[in-house]
Number of protein chains: 2
Amino acid sequence: MNIGSRLAFLRDQRGLTQEELAASLGISRAALSHYEKNRREPDTETLGKVADLFQVSIDYLVGRTEQSNTVLDPEVRQFADRLELSDDQVLEHFTLTVDGRKLTPEEARRFIAFVRAERDMKI
Amino acid sequence: MNIGSRLAFLRDQRGLTQEELAASLGISRAALSHYEKNRREPDTETLGKVADLFQVSIDYLVGRTEQSNTVLDPEVRQFADRLELSDDQVLEHFTLTVDGRKLTPEEARRFIAFVRAERDMKI
DNA sequence: AATTTACGATACATATTGTATCAAGTCAAG
DNA sequence: CTTGACTTGATACAATATGTATCGTAAATT
């Protein structure tokens with residue numbers, strides 16, 4: 001995956017013309033065309049504008065990940081921050097039920113891993 | 001936050017000299033110095049190398065997020081993918097209990113939002 | 001005090017990018 | 001079928017940005 005394909009994909013997905021998107025980004029249509037054809041590379045500022053506009057991460061834009069929304073919704077983060085996790089023993093006190101089915105310890109472990117990741121405690 | 005500060009921070013954190021990091025990235029020390037002082041901008045390729053080397057996201061590098069590990073652990077993703085969510089009514093069938101306490105609808109909603117975000121279903 | 005190490009700043013050759021412009025393809029209206 | 005509007009790709013060249021060698025400086029080392 002490359003920047004060009006992502007850009008073209010996102011633009012098409014929203015039904016925009018190069019002209020329109022270029023205007024939104026404050027660049028010329030020619031420049032955008034170059035980006036989509038991987039002839040030129042947008043600078044970081046433009047990359048940021050694209051990410052903001054389409055609500056995707058730059059990592060997704062440049063093809064480093066398939067996950068478009070690396071930038072998680074603030075409310076999602078808020079949820080994660082609500083949970084109180086201290087040490088590894090939380091697993092014991094942790095009960096998760098989805099659709100009436102209790103999560104397996106393994107699944108619960110993954111969920112906790114997520115919350116921790118969100119809290120930047122993995123580093 | 002800007003690229004320069006992030007770069008300098010990460011490099012210092014690992015106790016590397018500009019010379020060493022530059023070598024790892026395959027660029028000149030002068031170039032790295034420019035980046036750290038926000039005099040020049042690294043291209044996407046270099047940005048990717050830095051992200052790989054320090055295991056952070058590009059979004060973090062360029063200062064779009066404070067969260068360094070935007071790139072989530074694969075096992076975390078695996079957990080999210082396990083859950084089966086279909087439509088907005090999942091809320092009804094959704095029961096989450098943490099530390100013996102049922103999550104409020106609002107909290108549950110946020111969790112669902114997270115799972116959906118993970119699945120890229122928000123678009 | 002001399003040397004070494006690490007880093008910032010500058011200058012300039014080189015490389016990259018921005019944009020105007022032309023070309024080609026598609027499509028609907030007449 | 002033909003025309004004209006739309007949309008996008010390609011090219012050329014001026015404008016801009018980048019890479020690197022080099023010098024200056026400060027702090028640490030001997």
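All figures in this text were calculated on a predicted structure; none of them were measured in a lab. Numbered from 1 within each chain, the chains take letters A, B, ... in sequence-line order.
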Look at the side chain of N38(A) and the backbone N and O of G4(A), then say whether any donor-acceptor pair between them is shorter than 3.5 Å.
-> yes
Would you mind reading off the distance between K37(B) atom NZ and dT18(D) atom P, rounded to a whole angstrom?
-> 17 Å
Measure the spacing between OG1 of T44(B) and CG of N2(A) and express it to the nearest 0.5 Å.
-> 11.0 Å
Distances under 3.5 Å between protein N/O atoms and the N/O atoms of nucleotides 12-19 of chain C, please, pair by pair.
residue: dT17(C); atom: OP1; partner: E41(A); partner atom: N; Å: 3.3
residue: dG18(C); atom: OP1; partner: Y35(A); partner atom: OH; Å: 3.2
residue: dG18(C); atom: OP2; partner: Y35(A); partner atom: OH; Å: 3.0
residue: dG18(C); atom: N7; partner: R40(A); partner atom: NH1; Å: 2.5
residue: dG18(C); atom: O6; partner: R40(A); partner atom: NH1; Å: 3.1
residue: dG18(C); atom: O6; partner: R40(A); partner atom: NH2; Å: 3.4
residue: dT19(C); atom: OP2; partner: S28(A); partner atom: N; Å: 3.3
residue: dT19(C); atom: OP2; partner: S28(A); partner atom: OG; Å: 3.1
residue: dT19(C); atom: O4; partner: H34(A); partner atom: NE2; Å: 2.8

Other residues, nucleotides, ligands: >12 heavy atoms within 6.0 Å of E20(A) CD = yes
Check for a donor-acceptor pair, side chain of R11(A) on one end and backbone N or O of L16(A) on the other, with a separation under 3.5 Å.
-> yes
What nitrogen or oxygen pairs link the protein and nucleotides 24-26 of chain D at under 3.5 Å?
none

L21(A) versus L7(A): any side-chain heavy-atom pair under 4.5 Å?
-> yes
Measure from CG on N38(A) to P on dG9(D) and round the result to the nearest Å.
-> 11 Å
Indicate whether OP1 or OP2 belonging to dC7(C) is found under 4.0 Å from a side-chain N or O atom of S33(B).
-> no
Identified side-chain contact (heavy atoms from CB on, under 4.5 Å) partner of Y35(B) from the options I27(B), I3(B), V50(B) = I27(B)
Is M1(A) reachable from Y60(A) through a run of I, L, V, M, F, W or Y residues, each pair having side-chain heavy atoms under 4.5 Å apart?
-> no
Near DNA chain C, under 4.0 Å by heavy atom, which residues of residues 15-22 of chain A?
-> none
Side-chain touch L61(B)/L10(B), heavy atoms, less than 4.5 angstrom = yes
What's the spacing between Q18(B) CD and S28(B) OG if we round to 0.5 Å?
-> 10.0 Å
Side chain R64(A), main chain G48(B), donor-acceptor under 3.5 Å | yes
